[in-house]
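Right, one structure below, let's go through it.
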Amino acid sequence: MTRTKTMMHNADNNYNEKDLFMYKPLVPCLLLLSLSACQINSTEQTSQTESLGVATSPVNQQLAGIIDRAWQLRLDTNPDLDYAMGNEAAAGKLTDLSPAALAALNDKRSGLLEELKQIDTSSLNKEEKINAQILEYQIQNSVDLYRYKDHYLPITAESGFHAYIASIAKGRFQNQEDYQHYISKLKALPGYFAQQTYWMKQGLASGITPAKASLKGFEDSISAFIVPVEQSGYFKPFTHYPNSFSEQEKQALTEQGRSLVSELVLPSYQAFYDFMVNEYLPNARTSIAASDLPDGREFYENRVRYYTTLNMTADEVHVLGLQEVKRIRSEMQKVIDQVGFDGDFAAFLIFLRTDPQFYAKTPIELLRYTALLAKKADAILPRYFGKLPRKTYGIQEVPAQIAPKYTTGRYSGSDRDDEPGYYWVNTYALDKRPLYEMEALTLHEAVPGHHLQIALNQELTSLPNFRRYSYISAFGEGWGLYSEHLGIEAGFYQDPYSNFGRLTYEMWRAARLVVDTGMHAKGWTRQQAIDFMASNTALSLHNVTTEIDRYITWPGQALSYKIGELTIKRMRQKAEQALGDKFDIRAFHDAVLANGSVPMALLEQQIDDFIAENAAN
């Protein structure tokens with residue numbers, strides 16, 4: 001039985017929806033990790049390792065058991081994912097975020113982690129060792145987040161649980177069962193909001209909140225849901241029914257839906273709005289630094305290691321960022337000289353930010369331009385990849401409720417084999433969405449970036465589920481940024497301005513290394529970070545501000561892009577030098593993507609094996 005769920009490209013495997021959905025667009029990475037093959041039945045869920053050919057030695061059996069129990073734990077604590085995988089009993093439920101539930105979940109994860117660390121991996125084969133390493137990486141992160149009380153923070157500057165949970169209204173409604181499951185979720189919504197608000201109150205009491213400065217206007221993302229019942233997205237499923245429904249069935253469901261939205265859903269949003277405006281926002285912490293949180297310095301260094309997947313420190317990342325900013329700035333100057341601009345770097349940025357020629361006049365104009373670029377990107381794939389995914393992608397606008405504080409573009413995948421992924425484009429504030437950036441953005445979010453990588457990952461049926469349905473940011477975001485650079489050799493950038501847009505996106509990612517570590521570990525102010533990014537990139541000031549606020553409320557995540565890209569570039573250079581005439585770009589890219597999303601150290605091992613095999617042949 002096939003289910004419907006969506007997910008955003010930056011998915012983590014935690015109960016915390018901020019990570020789950022965040023890149024996961026609305027979904028957004030929503031309470032699940034992308035599920036593309038929901039043909040997995042319940043038997044396959046519980047004994048998948050048997051079908052993966054796991055050997056029968058005691059160590060192999062021990063690892064297989066931990067893998068199965070870890071996956072089942074994820075299903076048990078994530079009703080959407082559990083139902084998508086075939087468990088009918090999970091239908092109509094929302095995740096339990098009560099103190100008892102989260103404490104029990106952490107205890108179980110901690111137990112699995114301890115068992116995993118005690119395994120003697122010397123007798124495991126290469127693939128099993130990779131499984132053990134990635135599973136430890138995933139579980140360790142979940143345990144760390146609970147220890148640092150990340151569940152006190154179900155919102156970021158971009159959005160929050162109140163927006164992500166609205167995706168429950170976007171599923172397919174094909175029969176009475178689907179409507180009854182949805183009705184059950186609507187009935188559970190007040191309790192879900194109460195649990196999230198409870199944790200936010202704990203955050204207020206302990207000083208664990210987002211920075212106040214980064215939440216300016218956040219209440220608007222809540223009021224956007226407080227509308228007349230007939231205009232509510234939650235009511236939309238009750239306005240269109242399958243042809244097989246009788247008029248009596250339609251009328252009964254419509255009345256029930258109207259009552260639930262009016263009496264449960266809208267009051268939940270109103271109560272949350274009142275809480276945010278009257279209690280939370282006035283008392284949010286004034287400091288922007290993660291290092292100022294309880295155990296903050298340790299927490300931020302933990303985030304640096306997690307998001308880079310390397311044993312790097314904040315200081316090392318900061319220095320690397322400054323080096324990259326200097327290098328990219330010199331390349332940007334070459335473009336300025338190329339176009340013959342009469343002025344300095346700062347004047348050129350003003351020109352790019354203000355000249356109407358660089359901006360679409362209407363949302364449809366921006367979407368059409370993006371669609372043209374996407375088709376051009378599709379056309380370069382056969383030259384650079386031997387294996388392409390079966391699933392295609394479409395283009396959609398970022399939902400209006402979150403668009404004002406949302407980034408320019410994101411990728412949102414699908415768990416269904418018969419549904420595409422989507423490249424989200426923000427059409428809010430068109431005078432802040434320069435066309436010269438869209439080439440790089442398209443290569444990153446669509447192909448050969450996130451759609452290509454995630455869709456191929458989902459097709460790796462030989463991998464255990466915890467790897468198929470997960471996302472490692474350094475790998476995925478590094479690949480996305482590498483894909484932007486790949487456009488150079490593919491001839492994708494057609495004029496100096498689009499190439500400058502690519503450079504400003506690369507500079508954006510390099511500047512992230514500087515401002516993220518600057519704000520969270522080196523005492524930088526928010527304005528200092530804004531000024532640094534505004535003076536080094538051609539991003540609009542609106543985008544600069546929303547990005548800085550994103551980094552403030554999502555410590556460390558922004559580091560993954562550049563670190564991942566530099567690692568992939570380094571491994572490509574190594575392969576080219578080692579293989580010489582034997583180097584095949586298509587084979588190299590296939591090798592990078594062959595095992596799905598992996599930490600950078602494992603990717604290096606992967607490419608070393610690729611080099612050795614091709615050198616021998």
Side-chain angles (χ1 to χ4, degrees), residues 1-6 17 21 26-28 30-32 38 78-98 101 154 160-198 221-275 399-402 414-416 419:
M1 182 174 184
T2 307
R3 315 296 186 201
T4 302
K5 289 285 168 290
T6 48
E17 291 154 351
F21 297 95
L26 237 195
V27 334
L30 277 223
L31 266 185
L32 33 171
C38 293
N78 188 328
D80 280 341
L81 180 58
D82 198 13
Y83 179 58
M85 286 297 179
N87 182 9
E88 299 291 334
K93 296 181 180 179
L94 298 181
T95 301
D96 184 359
L97 299 174
S98 66
F161 74 89
H162 65 291
Y164 304 142
I165 194 63
S167 67
I168 64 174
K170 298 182 183 297
R172 286 189 177 180
F173 294 84
Q174 299 176 327
N175 51 48
Q176 280 283 349
E177 181 184 56
D178 292 338
Y179 277 92
Q180 293 308 313
H181 293 163
Y182 179 57
I183 286 169
S184 294
K185 289 183 178 181
L186 294 183
K187 291 179 178 178
L189 207 65
Y192 178 79
F193 269 66
Q195 287 180 339
Q196 295 282 25
T197 304
Y198 169 82
S221 72
I222 308 173
S223 61
F225 289 92
I226 305 173
V227 295
V229 172
E230 287 72 16
Q231 297 177 24
S232 173
Y234 284 98
F235 186 67
K236 189 173 182 179
F238 301 104
T239 61
H240 302 284
Y241 295 96
N243 293 332
S244 59
F245 281 32
S246 68
E247 289 303 317
Q248 184 178 8
E249 289 175 322
K250 294 177 184 178
Q251 183 177 354
L253 284 170
T254 300
E255 290 305 313
Q256 187 174 12
R258 181 178 287 106
S259 176
L260 289 171
V261 173
S262 174
E263 298 174 11
L264 298 182
V265 176
L266 296 180
S268 295
Y269 277 92
Q270 185 64 58
F272 183 50
Y273 178 89
D274 294 341
F275 166 70
Q401 298 98 323
I402 62 173
S414 168
D415 66 336
R416 293 177 56 98
E419 286 187 349

Problem - Set of residues satisfying side-chain hydrogen bond (donor to acceptor under 3.5 Å, both in side chains) with respect to Gln180, sequence neighbours excluded - result: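 Per chain and number, Gln180 pairs via side-chain hydrogen bond (donor to acceptor under 3.5 Å, both in side chains) with no residue.
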Handout entry: Residues which pass side-chain hydrogen bond (donor to acceptor under 3.5 Å, both in side chains) with Tyr182, listed by chain and number, not counting sequence neighbours
Key =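 For Tyr182 there are no side-chain hydrogen bond (donor to acceptor under 3.5 Å, both in side chains) partners, ignoring immediate neighbours.
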Problem - Worked check of side chain to side chain contact (heavy atoms under 4.5 Å, CB included) between Leu264 and Leu189 - result: CA-CA 7 Å; Leu264 298 182; Leu189 207 65; 5.9 Å; no
Problem - Tyr269 and Phe193 aromatic centres sub-6.0 Å - result: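 So the answer is yes for these two rings.
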Problem - Ile165 vs Tyr234 side-chain heavy atoms within contact, under 4.5 Å - result: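 Heavy-atom side-chain distance check passes, below 4.5 Å.
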Problem - Aromatic plane relationship, His181 with Tyr83 - under 30° parallel, 30 to 60° tilted, over 60° perpendicular - result: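 Rings of Tyr83 and His181: perpendicular, over 60°.
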Practice task
Indicate the ring-plane relationship of Tyr192 and Phe161, choosing parallel, tilted or perpendicular according to the 30° and 60° boundaries.
Solution key: perpendicular
Measure across [X] and [Y] and return the closest heavy-atom pair with its distance rounded to 0.1 Å.
X: Pro79; Y: Ala90; value: O-CB, 3.6 Å
X: Gly233; Y: Ala169; value: O-CB, 3.5 Å
X: Ser268; Y: Pro190; value: OG-CA, 3.5 Å
X: Pro267; Y: Val261; value: CD-O, 4.0 Å
X: Lys250; Y: Pro242; value: CE-O, 4.1 Å
X: Ser223; Y: Tyr273; value: CB-CE1, 3.9 Å

Taking [X] for its side chain and [Y] for its backbone only, find out whether a donor-acceptor pair lies under 3.5 Å.
X: Gln231; Y: Pro228; result: no
X: Gln195; Y: Leu97; result: yes
X: Ser259; Y: Gln256; result: no
X: Ser98; Y: Ala101; result: yes

Gap separating the [atom1] atom of [X] from the [atom2] atom of [Y], nearest 0.5 angstrom:
X: Gln174; Y: Ser244; atom1: CD; atom2: OG; value: 9.5 Å
X: Lys185; Y: Asp80; atom1: NZ; atom2: CG; value: 4.0 Å
X: Leu94; Y: Asn78; atom1: CG; atom2: CG; value: 10.5 Å
X: Leu260; Y: Lys187; atom1: CG; atom2: NZ; value: 6.5 Å
X: Ile226; Y: Asp274; atom1: CD1; atom2: CG; value: 7.5 Å
X: Glu230; Y: Thr239; atom1: CD; atom2: OG1; value: 10.0 Å

Practice task
Test Phe173 against Phe245 for side chain to side chain contact (heavy atoms under 4.5 Å, CB included), laying out the working first.
Solution key: CA-CA 11 Å; Phe173 294 84; Phe245 281 32; over 6 Å; no
Problem - Donor + acceptor pair across side chains of Thr254, Tyr241 (<3.5 Å) - result: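 Yes.
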Handout entry: Over 12 foreign heavy atoms within 6.0 Å of CD, Gln251
Key = no
Exercise for the section: Please say whether more than 12 non-hydrogen atoms of neighbouring residues, nucleotides or ligands are located less than 6.0 Å from NZ in Lys236. Expected result: no
Problem - Derivation of the side chain to side chain contact (heavy atoms under 4.5 Å, CB included) call for Ile183 and Phe238 - result: CA-CA 10 Å; Ile183 286 169; Phe238 301 104; 4.2 Å; yes
